[in-house]
Amino acid sequence: MTDSLPHRPLSMLRAVVVAALIGVAFFLPQLFGGSSVAYSTLTTIALFAVMCYGVDVVLSYLGEVSLGHTVFWAIGGYVAALMSVHLGVNGWVTALATIGLSVAAATFLGLVTLRTREFVFSLVTYAAAVVTHEIAFNWDAVGGSDGTVGIPALKLPLGFFTYVGGTQEELWPIAFALLLLTLFFVARFRRSRLGTTALMVHMNPALATSLGVDQRRVRLAVFVISAPITALAGWLYAYQRAYVGPDMFEAYFLVMMLTAVVLVGRRILLGPLLGTAVLIIQQNLLSLGGDWNKVILGFVLAAVLIFWPAGLMGLVDHMRQRWLRKTRTNGRENKRSYMEEVQ
Amino acid sequence: MNLSQQIVNGLVLGSGYACIALGWTILLGVARLVNFAHGQLYMLSAFVTWYAMTRAGAPYWAAIVIAIVVLSLLGALMQLAMTRLVIEQNLTSLMIVTLGLGYVIQGGGALIFGGNPQTLSSVLARTKVDAGALWFTWQDVLVLAMTFVLYAAVWLFVNRTRFGSVIRAVAEDPRLAQLFGINAKLVYLGVFVFECAAVALAAALVAPRAPILTSMGFNEVIMTFVVVVLGGIGSIGGALLAGLGLGMFIAFFGAFVAPAYTTAAAFGMLLLLLVVRPVGLATK
C-alpha cells in the first residue's frame, strides 16, 4: 500500500509517457470513428468518472460510504440550470457557484455527521439526499417535479474568444479537461498530508490518535473536498442533457458511483475511471434494457465485494501470483526430473 | 380535521413504521448487521403477496404465508452469499453489497411484475371501523395489534430465552462465541432470515394502504431508518416508541404544516438529534 503513495518526483520519462497517453486519450473519439455516439459515450464516461471520484475520495481514503453524494451531483446540475436559464450567466460563474454551494453543503453535512461512523454516517447522508430530493421535487422555484428545460449551451469566455459547448463534439474537450483536472487533484490528494493522514485514520485509528491527529477534522476536510468534484460533474451533466430535474437524485447515480469505485479496486488512481468506462459501455452500447441493466449493475456491485473484495485489480494480482507460483514449481519439477535423469 | 382524527392517523402511521422497522431493529441491534436492501425486500414481499392473491387466487392469510416463505428463502440465499463479510464484521462492504442486491431486486421485480402500480387489496382494508366521526379501517387495527404482539414476542425471545442470549453473545464477539461451541454462521443466518420474514409480514400487513410499485423500494421504508436511529439503534422498546412518536409527528406535521414536506421534516428532526445526541434517544 505505502509504495503506491511515495513522494516520488515525476521523472522525465514518466512525464513524457503520461503526456503521450493524455494526447492519445484526447483523440479517442476520432479513433473510435468520430461518430456522434463515440463522442457522447466518451463524454459521458469522462463526466461520470468525475462524479465517481468524489465518492472514491471518501470511500477509499476514509473508508466511509457516503450515500449523500447525489446531493452534490444535483447541486451542480441545479446551479448550472437555474443560473444559466434565469440569470443568463456564463459557465465560469455557474462553475464557481457550484463549487461554493457544494462546499457549503458538504461543510454543513460534515459537521452534522461529525460524530457518526459507518452505517449511521451512511444513513444520515442518505437522509440528506432524501430531504433535498423532496425539496427539489416540491419547490416550484427550482423547477419542482418538472425540472428545468432549455438550458442554453455552455459558454466559457476565454478572454479573446468564447468557447461554446453546444454539441457532444464540443463538450468532449471540456469533459476531458475536467477529468484531467480531477485526476490531477486526486493524485495530489493521495500524496498530500491530508490524504496520507486520512488513510491512517481509516486503517489505523489508534495510531492516528497516538500521533495527535484530530480525526474529526481530517474526516470533515476529506468530505468537504470530495463534494465539489462530484458537483462539477453534475454541472457539466446539466449542459450535456440541457435538462435538470429531480431524477438527478435517483438511486442509479448512487449505485453507479459505488460500483465504479469498487469494480477495479479502491485506492487505485485510475480505478474509478476504468470502472465507469466498463459500466457506461455496457449501459450505452450493450444495453439489455433498463431493468436488466439494473440487475447487472447491482449484481456487479455485490459480486465484486463478495468474491473479489480488492476488485478486478485484486483479481489480476491473485492470478499473477498463482501464475508465478506455478512457473516456479514447474521450474522445480523440471530440475527434479533432470536430476532423476542424471542419477 | 379534528385533533382526535390526527391522533388516530398518527397511531396508524406509527404502527406501520414500527412494524416495518422490526426486522431492521433486530438485525442491527441484536446481530449488528446492516441491510440496505430492506426497502426492496419490502417491495418484493408486497408483490409476492399481491401475485399470490390475484394470480394464484390464494386467500389473504395464505398469501402472507407464501410471502414469508419466499422471502425467508431469499434471505437465506443472501446471507449465505455474505457469510464471509458477516464473520469479518466488514460493515462497509456489507452496506454496499446489500445496496447492490437491493438494486438487483428492484430490477428483477420490474422484470417479473411489470412497471405498473398495483393495489394489494385485503378485505380488512376496505372495511371502515364505525367509530363516530373517526376514520380508520380494520386493517389499521390489525396492523396496530400485530405490531404490539410482534414487538412483545421478539422482546421476550431476545431477553428471556437462551436463544436470545446466544444471539447477543454472537453479536458481541462472533469468534469468542465460536470458542464456546456456538455456530456463529448459523446464528447470523437465523437472524437474517428472521429479518426477511419480518419484513414480509410487515409488507403484507402495511402495503394494502397504498398502491405498490416495483420502484418504491428505498424511499418507501426510509422512515424505518429514522425509527431505528431515533429509537437508539437496536433497542426494541425504543424502536416501538420511536415508530409511534414519529407517526404522531408526521400526522400532525402533515395536517397542520405542510403535507409535501413530511419526510424532510422527519429527517430534519433526525439531523438535529444527531448533533445533540449522536447515539439516539433511548440509550443513556
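Chain letters run A, B, ... following the sequence lines, proteins first and then strands; every chain starts at 1. For clarity, every value in this text was computed on a predicted model and none was experimentally measured.
Open room surrounds CE on M313(A); 12 or fewer heavy atoms of other groups in view lie less than 6.0 Å from it. A 6.0 Å sphere centred on CZ of F299(A) holds no more than 12 heavy atoms belonging to other residues, nucleotides or ligands. The environment of OH in Y51(B) is sparse: at most 12 heavy-atom neighbours from other residues, nucleotides or ligands sit within 6.0 Å. Residue R217(A) qualifies as open at atom CZ: its count of foreign heavy atoms under 6.0 Å is 12 or below.
Side-chain contact between V65(A) and L99(B) is absent, with no heavy-atom pair separated by less than 4.5 Å. Using a 4.5 Å heavy-atom threshold, the side chains of Y103(B) and L301(A) count as separate.
Contact of I306(A) with chain B is made through backbone and side chain together, with heavy-atom distances under 4.5 Å. Contact of L85(B) with chain A is made through the side chain alone, with heavy-atom distances under 4.5 Å. For a residue to count as touching a neighbouring chain, one of its non-hydrogen atoms must lie under 4.5 Å from one of that chain's; by this rule I296(A) does not touch chain B. There is no contact between F137(A) and chain B, counting heavy-atom distances below 4.5 Å. Both the backbone and the side chain of V112(A) come within less than 4.5 Å of a heavy atom of chain B. For chain A, the nearby part of L91(B) is the side chain; its heavy atoms alone come within less than 4.5 Å.
Of all the heavy atoms in W139(A) and Y261(B), the pair that sits closest is N-OH, 3.6 Å. Heavy-atom minimum distance, T263(B) versus V130(A): CG2-CG1, 3.7 Å. Contact between G108(B) and V295(A) at its shortest, heavy atoms only, is N-CG2, 3.5 Å. Nearest heavy atoms, T262(B) versus E134(A): N-OE2, 3.5 Å. Closest of all the heavy-atom pairs between L305(A) and S93(B) is CD1-O, 3.8 Å. Residues S122(A) and M95(B) approach most closely at OG-SD, 3.2 Å, considering heavy atoms.
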Show your reasoning for whether side chain to side chain contact (heavy atoms under 4.5 Å, CB included) applies to V34(B) and L123(A).
CA-CA 11 Å; V34(B) 280; L123(A) 264 189; over 6 Å; no

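The candidate with the highest count of non-hydrogen atom pairs below 4.5 Å against chain A, out of G268(B), G100(B), A258(B), is G100(B). Contact count against chain A (heavy-atom pairs under 4.5 Å) is highest for A264(B) among A81(B), G109(B), A264(B).
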